Trainee: 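Structure provided below as structure tokens; questions to follow.
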Amino acid sequence: MLRLVQLSHPQIGRRVAVVTEPTLRPIQGVSTLFDLADAALRSGKKLSAYIDQLGFDEPLDYDSIYSQRSEWTLLPPIDHPQDSARCLVTGTGLTHKASADNRQSMHDATAPVTDSMRMFRIGLEGGRPAPGDIGAQPEWFYKGTGSILRGHNQTLDVPNFGFDGGDEAEIAGVYFIAVDGTPHRIGLVQSNEFSDHVLESQNYLYLAPSKLRSCSIGPEILIGSDLNGDLRGSITVERAGKPFWRADLRSGHPNMCHTVPNLEHHHFKYESHRRPGDLHVHFFGADVFSFRDRVRLENHDVMVVSFDGFGRPLRNPLRIDPSPPRFVPVEVL
């Protein structure tokens with residue numbers, strides 16, 4: 001499976017490179033995946049076929065770049081080079097067969113049937129329609145624009161008004177909207193959707209603001225892949241350099257109550273989500289997270305997400321802003 005990274009050098013600038021372990025092969029004349037996807041669409045070729053016709057520069061040592069011992073820095077594998085506001089970051093929840101139990105554990109266990117469980121059952125009963133048919137609508141949330149995306153080794157931040165910062169390891173789809181408004185999936189990335197579970201657990205209706213946080217993807221993007229198989233992985237929280245909490249992950253269609261085409265349809269059915277030239281990063285839902293076990297992450301903890309077949313693990317330290325919240329005044333014109 002073809003895997004790509006985006007990286008940057010203080011003198012050379014930005015490049016896109018193909019992963020050929022233990023090296024990275026920069027593609028000649030290509031500085032962003034956005035430009036690469038746009039060029040491939042205009043050529044009428046699939047992205048992997050378009051890359052095959054391009055040349056490569058001298059290979060780079062992946063180990064030194066990954067471990068931050070190089071002037072090269074890994075970036076999120078996708079971004080909008082002209083305007084981060086034209087990259088929409090969203091997601092769907094309660095999509096995995098284990099997710100309802102995780103969500104239920106965050107709320108009143110004495111309630112007979114919570115809204116989360118009802119939503120899960122809607123997906124379980126109607127989220128896997130026949131190909132080409134429309135199934136049940138999933139839970140949907142907005143996270144922000146491309147400015148919230150972080151790459152490998154970059155910090156995920158708990159703002160001073162936040163109650164918590166919690167891991168949500170999952171797979172996300174990356175999309176480019178063509179000139180005619182057709183969404184095209186560039187590829188899949190492993191990710192840490194990251195949200196405030198303490199805020200969310202106070203009330204179901206706090207789900208929306210609990211998602212307005214930074215998040216991370218990468219370091220690699222898989223081109224031409226899908227979620228048809230049984231995907232296995234792990235999420236680990238390191239504290240003071242040692243594993244503190246760990247759980248196994250399962251994703252892919254066998255472990256989901258919605259198909260990816262159904263999730264994609266319900267996101268892109270909105271005309272405003274099909275603006276030519278826009279990018280989308282859409283999270284497909286988490287299988288398990290540390291807050292299920294009432295783990296509270298601390299400043300400088302490191303979250304490590306790893307899915308089989310998705311390349312090297314995604315590592316992100318946690319940074320908590322200790323300053324007191326500041327009232328934000330609004331001026332009247």
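Throughout, numbering of the chain's residues begins at 1 and tracks the sequence. Since this is a predicted model, take the numbers as computed values, not measurements.
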Trainee: Check whether more than 12 heavy atoms from other residues, nucleotides or ligands sit under 6.0 Å from atom CD of E271, and answer yes or no.
Mentor: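 Open: at most 12 neighbouring heavy atoms sit under 6.0 Å from CD of E271.
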
Trainee: Given L318 and N316, is the side chain to side chain contact (heavy atoms under 4.5 Å, CB included) satisfied, shown in steps?
Mentor: CA-CA 7 Å; L318 180 73; N316 297 101; over 6 Å; no

Trainee: Listing request: all ring pair (Phe, Tyr, Trp, His ring centres under 6.0 Å) pairs with a residue in residues 222-255, at least two apart in sequence or in separate chains.
Mentor: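 Output for this query is empty, none listed.
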
Trainee: Checking R319 against T155: is there a side-chain donor and acceptor pair closer than 3.5 Å?
Mentor: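 Yes, R319 and T155 have a side-chain donor paired with an acceptor closer than 3.5 Å.
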
Trainee: Under a 4.0 Å N-O cut-off, is there an ion pair linking R312 with D63?
Mentor: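 Yes.
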
Trainee: Does Y50 OH have over 12 foreign heavy atoms under 6.0 Å away?
Mentor: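 For Y50, atom OH is crowded (more than 12 foreign heavy atoms under 6.0 Å).
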
Trainee: Mind checking whether V305 and I217 sit in one hydrophobic cluster, side chains of I, L, V, M, F, W, Y counted as touching below 4.5 Å?
Mentor: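 Not linked; separate clusters.
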
Trainee: Are F307 and V304 joined in one hydrophobic group, where the rule is that I, L, V, M, F, W and Y side chains link up if heavy atoms are under 4.5 Å apart?
Mentor: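 As far as the 4.5 Å side-chain criterion goes, V304 and F307 are not connected within one cluster.
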
Trainee: Examine the side chains of H280 and H273 and answer whether a donor and an acceptor come within less than 3.5 Å of each other.
Mentor: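 Checked: H280/H273 side chains show no N/O donor-acceptor pair below 3.5 Å.
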
Trainee: Any luck finding a side-chain donor-acceptor pair between N255 and D287 under 3.5 Å?
Mentor: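 D287 and N255 do not have a side-chain donor-acceptor pair below 3.5 Å.
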
Trainee: Name the residue from L4, L36, I51 that meets the side-chain contact (heavy atoms from CB on, under 4.5 Å) definition with V30.
Mentor: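 Option passing the side-chain contact (heavy atoms from CB on, under 4.5 Å) with V30: L36.
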
Trainee: Just checking, R274 and Y270: is the charged tip under 6.0 Å from the six-membered ring centre and within 45° of the axis?
Mentor: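 No.
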
Trainee: Does the distance from a Lys or Arg side-chain N to an Asp or Glu carboxylate O, for D248 and R232, drop under 4.0 Å?
Mentor: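 Result for this pair is no, no salt bridge flagged.
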
Trainee: Taking side chain to side chain contact (heavy atoms under 4.5 Å, CB included) as the definition, give me every residue that meets it alongside P129, ordered by chain and number, with sequence neighbours left out.
Mentor: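 Expected list: D133, T259, N262.
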
Trainee: Hey, is the main chain of N228 close enough, under 3.5 Å, to the side chain of D226 for a donor-acceptor pair?
Mentor: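 Side chain of D226 to backbone of N228: a pair is present.
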
Trainee: Taking D278 first and then R275, would you say they form a salt bridge - that is, a charged N and a carboxylate O separated by under 4.0 Å?
Mentor: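 Yes, charged N to carboxylate O under 4.0 Å.
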
Trainee: Show your reasoning for whether side chain to side chain contact (heavy atoms under 4.5 Å, CB included) applies to I27 and V18.
Mentor: CA-CA 7 Å; I27 304 171; V18 175; 4.0 Å; yes

Trainee: If the test is side-chain contact (heavy atoms from CB on, under 4.5 Å), which one of V89, T92, I171, V189 qualifies with F283?
Mentor: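 Of the listed options, the one satisfying the test is V89.
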
Trainee: List for me each residue that meets side chain to side chain donor-acceptor pair (under 3.5 Å) alongside E264, sequence neighbours excluded, and say none if there are none.
Mentor: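 Y175, R185.
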
Trainee: Apply side chain to side chain contact (heavy atoms under 4.5 Å, CB included) to the pair I134 and H266, showing each step before the final yes or no.
Mentor: CA-CA 9 Å; I134 298 173; H266 283 292; 3.9 Å; yes

Trainee: D57: what forms a salt bridge (charged side-chain N to carboxylate O under 4.0 Å, His left out) with it, not counting sequence neighbours?
Mentor: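 For D57, the residues satisfying salt bridge (charged side-chain N to carboxylate O under 4.0 Å, His left out) (neighbours in sequence not counted) are R15.
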
Trainee: Do we see a donor-acceptor contact under 3.5 Å between the side chains of S191 and E170?
Mentor: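 No, because no side-chain N or O of S191 sits under 3.5 Å from a partner of the opposite role on E170.
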
Trainee: Check whether more than 12 heavy atoms from other residues, nucleotides or ligands sit under 6.0 Å from atom NE2 of H300, and answer yes or no.
Mentor: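 For H300, atom NE2 is not crowded (no more than 12 foreign heavy atoms under 6.0 Å).
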
Trainee: Go through the structure and list residues passing salt bridge (charged side-chain N to carboxylate O under 4.0 Å, His left out) with E193, not counting sequence neighbours.
Mentor: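 By the salt bridge (charged side-chain N to carboxylate O under 4.0 Å, His left out) rule, E193 matches K143, K211.
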
Trainee: For atom CD of E58, is the number of surrounding heavy atoms from other residues, nucleotides or ligands below 6.0 Å larger than 12?
Mentor: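 Open: at most 12 neighbouring heavy atoms sit under 6.0 Å from CD of E58.
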
Trainee: Quick one: do the H96 and S251 side chains pair a donor with an acceptor below 3.5 Å?
Mentor: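 Yes, because at least one side-chain N or O of H96 sits under 3.5 Å from a partner of the opposite role on S251.
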
Trainee: With sequence neighbours excluded, what pairs up with S214 under the side chain to side chain donor-acceptor pair (under 3.5 Å) test?
Mentor: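 S214 satisfies side chain to side chain donor-acceptor pair (under 3.5 Å) with no other residue.
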
Trainee: Could you verify whether a donor N or O on one side chain and an acceptor N or O on the other, from H258 and T95, lie under 3.5 Å apart?
Mentor: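 No, no side-chain donor-acceptor contact under 3.5 Å.
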
Trainee: Taking transitive links into account, so neighbours of neighbours count too, which hydrophobic residues share a cluster with V328 at under 4.5 Å side-chain distance?
Mentor: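 ILVMFWY cluster around V328 holds nothing else.
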
Trainee: Under the ring pair (Phe, Tyr, Trp, His ring centres under 6.0 Å) test, which residues partner F310, sequence neighbours left out?
Mentor: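 F310 satisfies ring pair (Phe, Tyr, Trp, His ring centres under 6.0 Å) with no residue once adjacent residues are dropped.
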
Trainee: Determine, using the 4.5 Å side-chain heavy-atom cutoff (strictly less than), whether I223 and I177 are members of one ILVMFWY cluster.
Mentor: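 They do not share one cluster, since no chain of ILVMFWY contacts under 4.5 Å joins I223 to I177.
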
Trainee: Going hydrophobic residue to hydrophobic residue with side-chain gaps under 4.5 angstrom, can you get from F141 over to F194?
Mentor: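 Shared cluster, no.
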
Trainee: Run through the side-chain heavy atoms of Ile, Leu, Val, Met, Phe, Trp and Tyr, join any pair under 4.5 Å, and report what else lands in W140's cluster.
Mentor: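 Cluster partners of W140: L88, Y142, L212.
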
Trainee: Please assess L2 against E220 for the test side chain to side chain contact (heavy atoms under 4.5 Å, CB included), listing each intermediate value before the final yes or no.
Mentor: CA-CA 10 Å; L2 183 66; E220 304 171 22; over 6 Å; no

Trainee: Quick check: are there more than 12 heavy atoms from other residues, nucleotides or ligands sitting under 6.0 Å from NZ of K46?
Mentor: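 Atom NZ in K46 is not crowded, with 12 or fewer foreign heavy atoms closer than 6.0 Å.
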
Trainee: Is there a continuous path of hydrophobic side-chain contacts, each under 4.5 Å between heavy atoms, that joins M1 to L188?
Mentor: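 Yes.
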
Trainee: Just jot down the ring pair (Phe, Tyr, Trp, His ring centres under 6.0 Å) partners of F34, sequence neighbours excluded, or say none.
Mentor: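 Checked F34 against ring pair (Phe, Tyr, Trp, His ring centres under 6.0 Å); matches are H80, F176.
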
Trainee: Looking just at side-chain N and O atoms, do D79 and Q6 make a donor-acceptor pair shorter than 3.5 Å?
Mentor: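 A pair is found: one side chain offers a donor N or O, the other an acceptor, under 3.5 Å apart.
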
Trainee: Taking transitive links into account, so neighbours of neighbours count too, which hydrophobic residues share a cluster with V5 at under 4.5 Å side-chain distance?
Mentor: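 The other cluster members (ILVMFWY side chains, heavy atoms under 4.5 Å, direct or chained) are L7, I12, V19, L24, L60, Y62, I65, Y66, W72, L74.
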
Trainee: Look only at the side chain of N192 and the backbone of E168, and say whether a donor-acceptor pair between them is shorter than 3.5 Å.
Mentor: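 At least one qualifying donor-acceptor pair exists.
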
Trainee: Is there a side-chain contact between K269 and Q137, using heavy atoms and a 4.5 Å cut-off?
Mentor: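 In contact.
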
Trainee: Distance only, no hydrogens: is a donor on one side chain within 3.5 Å (strictly under) of an acceptor on the other, for D167 and S290?
Mentor: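 Yes, S290 and D167 have a side-chain donor paired with an acceptor closer than 3.5 Å.
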
Trainee: Taking salt bridge (charged side-chain N to carboxylate O under 4.0 Å, His left out) as the definition, give me every residue that meets it alongside D38, ordered by chain and number, with sequence neighbours left out.
Mentor: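 With sequence neighbours excluded, D38 shows a salt bridge (charged side-chain N to carboxylate O under 4.0 Å, His left out) to R42, given in chain and number order.
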
